[in-house]
Participant: 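Dropping the structure in here first, questions after.
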Amino acid sequence: MKIEFVGAPSPSAVVAVLVNEGRELSAPAQAYDQRSGGALTRAVAGGRFTGGKASSLALVAPHGLEAPQLVAVGAGAKDKFDDLALEGAAGHAYHSVKLSGHDTLALDLSDRSAADAARAAFAIRLAAYRFDKYRTTEKPERKPSIATVQIVTADPAAAQAAFAPLAAIAEGVLFARDLVSEVPNVLYPAEFARRCKALEPLGLQVEVLGEAEMTKLGMNTLLAVGQGSAKESQLVVMRWNGAADKDAQPIAFVGKGVTFDTGGISIKPAEGMEEMKFDMGGAAAVAGLMHALAGRKAKVNAVGVLGLVENMPDGDAQRPGDVVKSMSGQTVEIINTDAEGRLVLADALWYTQERFKPKFMVDLATLTGAMIISLGLDYAGIFANDDDLAAALAAGSAEVGENTWRLPLPAQYEKQIESACADMKNTGGRPAGSITAALFLQKFTNGVPWAHIDIAPTAWKKDSKVATVPDGASGFGVRLLDRMVAAKYEG
Ligand code: BES
Ligand code: MN
Ligand code: ZN
């Protein structure tokens, strides 16, 4: 899809205009209304369309206009029309016309700032995401027809300039979504690593460690998860050094990248197992973040570390009852091979703090089904040993609309992961399952400021109500982390 900023729409474009709650026409809406002899006012007057969010009303071939359709898009209450409401309205404008058969949408924001025009373009880029590479027989009428989106603005050059950093963030989100959407027979650890390596032209340094190197480093809890898979486990290290001082202490992000989670010997039920291709959503978000930071040349030194494994059952797979020594030296009794994400992150976190001595580490992981039980499907959980870091994440989260909620790390719950024969065990039973998982991770942070985001609820969307996050891979985390970095750690 092509996005352009223009002073006036092309004649064949479907034109979309904003209407605020209370049937309040925006200035461009009023202009089109006048040119059409009041057609918009008449259409809106008696009906149920009042300008509420996520609603729209289309006028077909309105008299006095060249446009094949004029679409009024609900923008919600005028006094609550913030950046997220604008994104929602722009995304909804796209969804309401994407199957119209017309090839150009022009969203007229000529009464608003260049920054708003850029944000609308960003929203439409995210809203239009689709993973259709494996569809060969899709009926043409079910395919989106919009190939060009025009944002009508008073200052196209300024809007184009304002769009550059947002386009970079969108690229990062879409990169993460493509990784999560990709099917597990195609996206195994080495393929994931290749796709990260291919980002080097953006100015990222990307290193890939294989099993031999990780064995030397003693990363046995990570390796244990992959040992039942025919695919080689990988650790990817992505670096972006954008700070004025290239040697300044970096910030670090760590991702769980289980390219498929069968559960291993503690195998999962068949029903719904195919969903476990998204168990690399944390690693995808970290890779997407690094893509975004490099793409917009963020003034920060950042490291992304991805632990990539496939959790399979076979004759070499780890067993419940095994004891494994982590890179930190701590030993872990394996109770359930399906609690594998924490084993991957244990070594990835330890490696990250030891090698990079970062200001802080944030890990993202589709770690526990219990997180969905706690928070439902619209919130990710945050756990942190550092209040400033938790607050910075919460602020970023609220600003970009990626919802999170902080949970506690009560030391007394560590009892649940005490083992009779090793330093700890890898599961803590049903009570507070997400918290005991986070307490497990904390043992591998070596006291470095750290936060863990359990994105099990949000990595994959069904019945999405958010226009910029279509069903499927959400890319959750890229925007939130990018915003946090921009607000707190650049400069
Ligand atoms: N990847 C799963 C967690 C998950 C479940 C994410 C559902 C998204 C949706 C994780 O590896 C897992 O299997 N966790 C177990 C832990 C248990 C064995 C302690 C779980 O949540 O059941
Ligand atoms: Mn699992
Ligand atoms: Zn998992």
Side-chain angles (χ1 to χ4, degrees), residues 180-181 184 187-189 192 221-222 224-229 233 254-285 306-313 317-322 332-348 363-381 383 407 413-414 416-419 424-441 452-462 472-474 476-477:
V180 175
S181 305
L187 193 85
Y188 47 91
F192 195 135
T221 57
L222 186 154
V225 175
Q227 80 191 28
S229 167
S233 301
V254 179
K256 168 180 173 181
V258 178
T259 60
F260 194 72
D261 182 12
T262 65
I265 296 300
S266 314
I267 198 163
K268 288 179 181 294
E271 173 97 28
M273 200 201 274
E274 72 285 352
E275 291 181 3
M276 282 301 122
K277 75 167 184 175
F278 80 72
D279 212 17
M280 30 57 71
L306 320 179
L308 304 176
V309 302
E310 186 184 47
N311 189 20
M312 297 289 268
Q318 66 172 337
R319 292 153 288 260
D322 285 4
V332 181
E333 181 188 8
I334 307 303
I335 302 298
N336 189 318
T337 65
D338 197 11
E340 85 296 341
R342 64 199 74 182
L343 299 172
V344 172
L345 289 173
D347 279 339
D363 78 72
L364 283 89
T366 49
L367 203 65
T368 64
M371 201 73 259
I372 300 170
I373 307 302
S374 302
L375 296 178
L377 290 167
D378 288 341
Y379 280 76
F383 304 80
L407 288 92
Y413 289 7
E414 288 187 5
Q416 286 175 234
I417 51 171
E418 280 175 8
S419 159
M424 68 196 84
K425 55 187 185 181
N426 81 327
T427 61
R430 283 171 62 81
S434 306
I435 295 176
T436 54
L439 287 167
F440 181 98
L441 297 181
H452 155 59
I453 311 183
D454 190 336
I455 60 169
T458 56
W460 190 266
K461 221 57 216 159
K462 287 177 182 161
S474 64
F476 185 99

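Since we're looking at a predicted model, the values are computed, not measured. We count ligands from 1, going down the list as the structure has it; atoms in each ligand are counted the same way.
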Participant: With atom 7 (C) of ligand 1 as the reference point, say which of Met280, Arg430, Met276 has the nearest heavy atom.
Facilitator: Met276
Participant: Give the numbers and elements of all ligand 1 atoms closer than 4.0 Å to a heavy atom of Lys256.
Facilitator: 1 (N), 10 (C), 11 (O)
Participant: Using a heavy-atom cut-off of under 4.0 Å, does the side chain or the backbone of Glu275 touch ligand 1, or both, or neither?
Facilitator: neither
Participant: Should you measure from each heavy atom of Thr368, which atoms of ligand 1 turn up under 4.0 Å away?
Facilitator: 3 (C), 21 (O)
Participant: Measure the distance from atom 10 (C) of ligand 1 to every protein heavy atom, then report the residue, atom name and distance (to 0.1 Å) of the closest one.
Facilitator: Leu367 O, 3.3 Å
Participant: Would you check if the side chain of Ser474 reaches a backbone N or O of Thr458 as a donor-acceptor pair within less than 3.5 Å?
Facilitator: yes
Participant: Quick one: does Ser229's side chain have a donor or acceptor within less than 3.5 Å of a partner on Met312's backbone?
Facilitator: no
Participant: Using a 3.5 Å distance criterion without hydrogens, assess whether the side chain of Lys256 forms a donor-acceptor pair with backbone atoms of Arg342.
Facilitator: no
Participant: Suppose we measure from atom 2 (C) of ligand 1 to each protein heavy atom; which comes out shortest, and what is that distance?
Facilitator: Asp261 OD2, 3.6 Å
Participant: Measuring from non-hydrogen atoms of Phe278 to any atom of ligand 1, is the shortest distance under 4.0 Å?
Facilitator: yes
Participant: Quick one: which ligand 1 atoms are inside 4.0 Å of a heavy atom on Asn336?
Facilitator: 18 (C)
Participant: When you measure from the side chain of Thr262 to the backbone of Asn311, do you find a donor-acceptor pair of N or O atoms at a distance under 3.5 Å?
Facilitator: yes
Participant: To the closest 0.5 Å, what do you measure between CG (Asp454) and OG1 (Thr368)?
Facilitator: 4.0 Å
Participant: To which protein heavy atom is atom 15 (C) of ligand 1 closest, and what is the distance rounded to 0.1 Å?
Facilitator: Asp338 O, 4.0 Å
Participant: How far is atom 6 (C) of ligand 1 from its nearest protein heavy atom, and which residue and atom is that?
Facilitator: Ala456 CB, 3.6 Å
Participant: Is any N, O or S atom of Glu340 under 2.8 Å away from the Mn ion (ligand 2)?
Facilitator: yes
Participant: Are the side chain of Gln416 and the backbone N or O of Pro431 linked by a donor-acceptor pair below 3.5 Å?
Facilitator: yes
Participant: Run the numbers for me: atoms of ligand 1, each under 4.0 Å from some heavy atom of Ile372, listed by number.
Facilitator: 9 (C)
Participant: Flag atom 13 (O) of ligand 1 as yes if some protein heavy-atom distance to it falls below 4.0 Å, otherwise no.
Facilitator: yes
Participant: Test your reading of the model: is there a side-chain donor-acceptor pair from Asp363 to the backbone of Val254, 3.5 Å cut-off?
Facilitator: no
Participant: Can you tell me the N, O or S atom of Asp261 that's nearest the Mn ion (ligand 2)?
Facilitator: OD2
Participant: How far is atom 1 (N) of ligand 1 from its nearest protein heavy atom, and which residue and atom name does that atom have?
Facilitator: Asp279 OD1, 2.8 Å
Participant: Using a strict cut-off of 4.0 Å, indicate which atoms of ligand 1 neighbour a heavy atom of Thr366.
Facilitator: 1 (N), 2 (C), 3 (C), 6 (C)
Participant: Once you round to the nearest 0.5 Å, how far does CZ of Phe476 lie from CD1 of Ile453?
Facilitator: 7.0 Å
Participant: State whether the side chain of Asn426 and the backbone N or O of Ile335 hold a donor-acceptor pair below 3.5 Å, judged by distance alone.
Facilitator: yes
Participant: Looking at the Zn ion (ligand 3), which N/O/S atom of Asp279 is the nearest one?
Facilitator: OD2
Participant: Any salt bridge between Lys268 and Glu275, counting N to O under 4.0 Å?
Facilitator: no
Participant: Under 4.0 Å from a heavy atom of Glu340: give me the atoms of ligand 1 that qualify, with their elements.
Facilitator: 11 (O)
Participant: Between ligand 1 and Met371, can you find any atom pair, the residue atom being a heavy atom, that is separated by under 4.0 Å?
Facilitator: no
Participant: Is there a donor-acceptor pair closer than 3.5 Å between any side-chain N or O of Ser419 and the backbone N or O of Lys425?
Facilitator: no
Participant: Which of the N/O/S atoms in Asp261 sits closest to the Zn ion (ligand 3)?
Facilitator: OD2
Participant: Starting at CE of Met371, measure out to CG of Leu407 and round the result to the nearest 0.5 Å.
Facilitator: 4.5 Å
Participant: Would you say OH of Tyr379 has more than 12 non-hydrogen atoms from neighbouring residues, nucleotides or ligands within 6.0 angstrom?
Facilitator: no
Participant: Write out the residue and atom name of the closest protein heavy atom to atom 19 (C) of ligand 1, then the distance separating them to 0.1 Å.
Facilitator: Thr427 CG2, 3.6 Å
Participant: Could you confirm whether Val258 has any N/O/S atom lying under 2.8 Å from the Zn ion (ligand 3)?
Facilitator: no
Participant: Looking at the Zn ion (ligand 3), is there an N, O or S atom belonging to Glu340 that lies under 2.8 Å away from it?
Facilitator: yes
Participant: If we ignore hydrogens and angles and just use 3.5 Å, is the side chain of Asn336 paired with the main-chain N or O of Pro320 as donor and acceptor?
Facilitator: no
Participant: Give me the nearest non-hydrogen protein atom to atom 17 (C) of ligand 1 as residue plus atom name, then the distance to 0.1 Å.
Facilitator: Ala339 CB, 4.4 Å
Participant: Please write down residue, atom name and distance for the protein heavy atom closest to atom 20 (C) of ligand 1.
Facilitator: Gly369 N, 3.9 Å
Participant: Backbone N or O of Gly281 within a donor-acceptor pair of the Thr366 side chain at under 3.5 Å?
Facilitator: no
